[in-house]
Enquirer: 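Okay, here's the structure, questions in a sec.
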Amino acid sequence: MKDKSILIVDDDPAICFAFKKTFATLNFTTEEAYNGIEAINKINQNKPTLIFMDITMPEMDGLVALEKIKKVYPLIPIIVITGDGNMETAIKAMKIGAFDYLTKPLDIDKVRITAQRAIELMQMKSQIDELQHQLKKKSEGDGTNIIGQHHKMQELFKKIGVISNTPNTTNILILGETGTGKELVARVIHENGPHSTQPFQAINCTVLPENLLESELFGHEKGSFTGADHRKPGKFELACEGTLFLDEIGDMPETLQKKLLRVIQERSFERLGGNEQIKLNARIIAATHRELKDAVKKGTFREDLFYRLNVMEIVLPPLRDRKEDIPLLANYFLCKYSDRLGKKFTGITSEVMKTLSQFSFPGNVRELENIIERAVALERGEVLSMQSLPQGLLVDESNKSINIPILSKEFSSAKKIIIETFEKKFLLERLKETRGNVSEAARIACIERQSFQRLMKKYNLSSEDFKL
């Protein structure tokens, strides 16, 4: 934080001098006040970053001053200092709103650590307040929000701004690993385009069998197949002049690829079982986690369709390539889910943030969001702590080694953490190896399929996340 200033409120000049000397080496500016009235006057003139305040002072004591200051400046952390270690005084100070309570003689190291912790939490609370404001704006209809300050994300935002102004005939291809936010980007392009009031239609090309996928895209006439008892418009038609988002286009069956190519070329289509030519007015945005150029070389994806879709290309960076955004994203999701679950949090511990920043996140932003959602649900305090994180985060994905801090002094509890970390790591490797084929993963692991599935359920793992 720039211009860090500390106000020392104590009627003992020696204490004020000691504080000033302590914080001078830490690039803080300090100011002194010798009673509560003088402190309030100085705060009104120049609001400090942090306040250290004695309780026993002439004219106005520290507790009275604390209460008055907190009414006007509730966000300034105030650390109470006193030579009286009385329990009632400590409880009263904390109830009024003191950040912490230190007794004389003061431990200089503890003073420095407490000050740093107070400032960090204040910064975090300020950041959380801003993120909550963003979430409130979003809930009021201000649109989709993408979080990121890394230079790669800033370049992405610029590109989105340029692409959003292109006509609907300009197709867009979004490339990125699973969980990087491809649909979010598609929605932002739509919301910032000239047809933002028109529908945004999305369909995943891997979810439905080929015949149902075709019907969902093109629509069908009554009687066109068994069960078609009425006319149904497809996504091409429902998108009107808006956007049609084709997720996981790399998995589209080859016969449908050919039909999609024709729609793009002619900007028209027919419903299944119909002869009427219907004009395509929507913009097509396609996305995939696959390397489409490799798929083209292998013959599993049409080259002509690739070039038709790839008029404008957007490549999303994986989270491991923009780790500077992890604290920002973590706090954003903390706000989102604490609000949704009706909980109040003041922040995330530095240990948790360090653990998150060191993790490789193979599932990218989606995985981080799931971790924070789970932690918010489990956390009992007001600060997100290590106990609420899944044990799999203690595995260093970059070198495949296990780096487990001893989180419990009890042997059985510490052992349980290691076993659970091993189990989840083992499952992840088998599922990645078999691309989500549970039967094959269980066979390789030499355990029953049902047992393998029970372990997957225990660690909230889905085979769909590994079908690459």
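We number each residue from 1, following the sequence as shown.
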Enquirer: If the condition is salt bridge (charged side-chain N to carboxylate O under 4.0 Å, His left out), which residues does R262 pass it with, not counting sequence neighbours?
Expert: E266
Enquirer: Check D321 against H150 and note the closest heavy-atom contact, atom names and distance.
Expert: O-NE2, 3.5 Å
Enquirer: I'd like to check the salt bridge (charged side-chain N to carboxylate O under 4.0 Å, His left out) partners of K258; sequence neighbours left out, ordered by chain and number.
Expert: none
Enquirer: Can you list, pair by pair, the side-chain donor-acceptor contacts under 3.5 Å of residues 112-121, counting residues two or more places apart and other chains?
Expert:
residue: T114; atom: OG1; partner: K110; partner atom: O; Å: 2.7
residue: R117; atom: NH2; partner: D100; partner atom: OD2; Å: 2.9

Enquirer: Report the residues that fulfil salt bridge (charged side-chain N to carboxylate O under 4.0 Å, His left out) with E303, sequence neighbours left out, ordered by chain and then residue number.
Expert: none
Enquirer: After noting the C-alpha distance and the side-chain angles of F452 and L431, does the key distance pass the side chain to side chain contact (heavy atoms under 4.5 Å, CB included) rule?
Expert: CA-CA 10 Å; F452 198 94; L431 288 167; 3.9 Å; yes
Enquirer: Does the side chain of Y337 come under 3.5 Å of the side chain of E369 through a donor N or O and an acceptor N or O?
Expert: yes
Enquirer: The criterion is side-chain contact (heavy atoms from CB on, under 4.5 Å); which residues satisfy it with E382, sequence neighbours excluded?
Expert: T346
Enquirer: Using atom types as modelled and distance alone, determine if a side-chain donor or acceptor of R449 lies under 3.5 Å from a backbone N or O of A441.
Expert: no
Enquirer: Looking at K432 and E429, does any basic side-chain N land under 4.0 Å from a carboxylate oxygen?
Expert: no
Enquirer: Is a side-chain N or O of K343 found less than 3.5 angstrom from the main chain of V376, in a donor-acceptor match?
Expert: yes
Enquirer: Which residues satisfy the side-chain contact (heavy atoms from CB on, under 4.5 Å) test with E216, sequence neighbours excluded?
Expert: I203, L208, K232, K235
Enquirer: For the side chain of R283 and the backbone of T170, is there at least one donor-acceptor N/O pair under 3.5 Å apart?
Expert: yes
Enquirer: side-chain contact (heavy atoms from CB on, under 4.5 Å) with F157: which residues, sequence neighbours excluded?
Expert: I146, M153, Q154
Enquirer: Partners of K354 by side-chain contact (heavy atoms from CB on, under 4.5 Å), sequence neighbours excluded?
Expert: Q358
Enquirer: Applying ring pair (Phe, Tyr, Trp, His ring centres under 6.0 Å), can you list everything that pairs with F426, at least two apart in sequence or on another chain?
Expert: F422
Enquirer: What closest approach, in Å, do M353 and P327 show between heavy atoms, and which atom pair accounts for it?
Expert: SD-CA, 3.5 Å
Enquirer: Strictly by salt bridge (charged side-chain N to carboxylate O under 4.0 Å, His left out), give each pair with a member in residues 325-334 just once, sequence neighbours left out.
Expert: R322-D325
Enquirer: Looking at residues at least two apart in the chain, or sitting in another chain, which of them share a salt bridge (charged side-chain N to carboxylate O under 4.0 Å, His left out) with D294?
Expert: none
Enquirer: Quick test of your reading: applying ring-ring contact (aromatic ring centres under 6.0 Å, His included), list the pairs with at least one residue in residues 249-287, sequence neighbours left out, ordered by first then second residue.
Expert: F236-F269
Enquirer: State, without any angle test, whether N44 and Y73 hold a side-chain donor-acceptor pair at a distance under 3.5 Å.
Expert: yes
Enquirer: Rounded to the nearest 0.5 Å, how far does CD of E440 lie from CZ of R435?
Expert: 13.0 Å
